[in-house]
Amino acid sequence: MTREERLEKQKQRLIEMKVPEEDLHEQGYRCIAGIDEVGRGPLAGPVVAAAVVLPEEFSVLGIDDSKKLSEKRREELFVEIKKHAVAWGIGMADHQVIDEINILQATKLAMRRAVHDLEQKLADAGKDPLDYLLFDAVKIEELDLPQQSIIKGDAKSISIAAASIVAKVTRDRMMVEYDKVMPEYGFASNKGYGAAAHIEALKKYGPSPIHRATFIKNFIG
């Protein structure tokens, strides 16, 4: 594929990804947030959610489901999203909360916290308040705003995809920092997921202060 063909493909992908937001703009909604999370599956660390509002004229190419992107590309797009977004918020639930209320409820809590963080940033900047929420695969009934759950939303909505990138980069950076003080678990490379070397380290050294007790019980005696 030539450079021109790749560029054209990215432009077409951008058009497709903006359809959910454009449909909502046509219905009169103006401040639409995409919300996504990362970190449901790892054995260690928090679940992190992001909420992002993009301007209608957003035109950065390459935004997609964070899992489809290289680490280098995610980092590049993270910078672009922060630069161009109307606002963005972060929420998280740590390993202790995950153990206390289960991963699904912790995920929803992280999402609510991300939305509240975003709302505060919009208010502080004097921007329009949120009037619609787009979630990847879940609904958060506790949030009193119109909302929609899109299955595989991070591959279908530009704002959810942007949120998936912000959440992923934020969490990955946290795990790299944890690796500096607990290098034996390889958090910089495995990000807390159950890679073979991580499981071996868990058996050898026992759980770290950030391991999820409910996730690792099958790996330790």
Side-chain angles (χ1 to χ4, degrees), residues 1-40 48-91 107 110-111 114-115 117-119 121-122 125 127-140 143 145-173 191:
M1 186 181 295
T2 66
R3 183 176 181 278
E4 289 75 16
E5 288 172 334
R6 284 197 300 271
L7 184 60
E8 189 57 37
K9 186 176 181 179
Q10 286 186 331
K11 288 180 179 178
Q12 184 59 40
R13 182 74 175 128
L14 178 65
I15 292 171
E16 294 169 357
M17 294 281 283
K18 293 179 76 170
V19 167
E21 287 81 2
E22 289 180 347
D23 286 347
L24 290 167
H25 285 310
E26 288 179 4
Q27 296 174 44
Y29 296 104
R30 285 291 163 262
C31 195
I32 302 161
I35 302 97
D36 201 7
E37 53 72 33
V38 65
R40 285 200 196 193
V48 176
V52 179
V53 177
L54 298 175
E56 290 187 55
E57 67 275 12
F58 186 78
S59 60
V60 175
L61 298 178
I63 303 289
D64 210 329
D65 172 4
S66 64
K67 296 183 292 296
K68 298 179 180 179
L69 304 170
S70 68
E71 181 176 359
K72 180 176 182 292
R73 188 62 179 135
R74 284 195 299 267
E75 288 281 352
E76 293 170 348
L77 289 170
F78 180 65
V79 173
E80 290 298 309
I81 292 165
K82 289 199 300 180
K83 178 181 177 182
H84 295 285
V86 175
W88 57 280
I90 291 289
T107 297
M111 287 180 160
V115 171
D117 185 40
L118 173 60
E119 287 179 317
K121 288 177 178 176
L122 287 166
K127 304 287 182 66
D128 292 337
L130 289 176
D131 57 7
Y132 205 95
L133 307 175
L134 290 172
F135 287 99
D136 182 24
V138 301
K139 276 197 169 185
I140 311 292
L143 293 170
L145 281 168
Q147 59 184 268
Q148 182 180 347
S149 173
I150 302 177
I151 302 300
K152 296 185 178 179
D154 49 8
K156 298 176 181 177
S157 155
I158 191 72
S159 58
I160 296 178
S164 79
I165 293 168
V166 172
K168 174 67 173 166
V169 172
T170 299
R171 187 181 188 280
D172 283 358
R173 289 179 177 181
K191 306 302 189 289

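The figures that follow rest on heavy atoms only: side chains count, while hydrogens, waters and symmetry mates do not.
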To the nearest 0.5 Å, how far apart are [atom1] in [X] and [atom2] in [Y]?
X: Phe78; Y: Thr170; atom1: CZ; atom2: OG1; result: 4.0 Å
X: Ser59; Y: Leu54; atom1: OG; atom2: CG; result: 10.5 Å
X: Met17; Y: Leu61; atom1: CE; atom2: CG; result: 12.0 Å
X: Glu37; Y: Ile160; atom1: CD; atom2: CD1; result: 11.5 Å
X: Met111; Y: Lys139; atom1: CE; atom2: NZ; result: 13.5 Å
X: Gln10; Y: Arg13; atom1: CD; atom2: CZ; result: 11.0 Å

In the structure I gave you, are the side-chain heavy atoms of [X] and [Y] within less than 4.5 Å of one another anywhere?
X: Glu119; Y: Leu145; answer: yes
X: Val115; Y: Ile140; answer: no
X: Val138; Y: Thr107; answer: no
X: Ile158; Y: Leu14; answer: yes

Non-hydrogen atoms of [X] and [Y] that approach each other most closely:
X: Ala114; Y: Ala49; answer: CB-O, 3.7 Å
X: Arg74; Y: Ser66; answer: NH1-O, 3.2 Å
X: Leu130; Y: Leu133; answer: CD1-CD2, 3.9 Å
X: Val48; Y: Ala167; answer: O-CB, 3.7 Å
X: Ala137; Y: Ser149; answer: C-OG, 3.0 Å
X: Leu77; Y: Gly62; answer: CD1-O, 3.4 Å

*Are Glu75 and Lys72 within salt-bridge range, i.e. N to O under 4.0 Å?*
no
*asked:* Please check if the number of heavy atoms outside Lys152 that lie under 6.0 Å from its NZ is greater than 12.
replied: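 No, because the 6.0 Å sphere around NZ of Lys152 holds 12 heavy atoms or fewer from other groups.
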*asked:* Take a 6.0 Å sphere around NZ of Lys9 and say whether it holds more than 12 heavy atoms from other residues, nucleotides or ligands.
replied: no
_What verdict does the side-chain contact (heavy atoms from CB on, under 4.5 Å) test give for Trp88 and Val53, after you've listed the backbone C-alpha separation in whole Å, the side-chain angles of each residue and the deciding distance to 0.1 Å?_
CA-CA 6 Å; Trp88 57 280; Val53 177; over 6 Å; no
*List the steps and the verdict of side-chain contact (heavy atoms from CB on, under 4.5 Å) for Ile32 and Leu134.*
CA-CA 7 Å; Ile32 302 161; Leu134 290 172; 3.9 Å; yes
State whether the side chain of [X] and the backbone N or O of [Y] hold a donor-acceptor pair below 3.5 Å, judged by distance alone.
X: Gln147; Y: Phe135; value: no
X: Lys168; Y: Glu71; value: no
X: Asp131; Y: Arg30; value: yes
X: Ser157; Y: Gly153; value: no
X: Asp117; Y: Ile90; value: yes
X: Lys156; Y: Pro20; value: no
X: Asp36; Y: Ala163; value: no

*asked:* One pair to check against salt bridge (charged side-chain N to carboxylate O under 4.0 Å, His left out): Asp154 and Lys68. What are the steps and the verdict?
replied: CA-CA 10 Å; Asp154 49 8; Lys68 298 179 180 179; over 6 Å; no
*Can Glu21 and Lys18 be said to form a salt bridge (charged side-chain N to carboxylate O under 4.0 Å, His left out), step by step?*
CA-CA 6 Å; Glu21 287 81 2; Lys18 293 179 76 170; over 6 Å; no
*Glu80/Ile63 under side-chain contact (heavy atoms from CB on, under 4.5 Å): CA gap, chis, key distance, verdict*: CA-CA 10 Å; Glu80 290 298 309; Ile63 303 289; over 6 Å; no
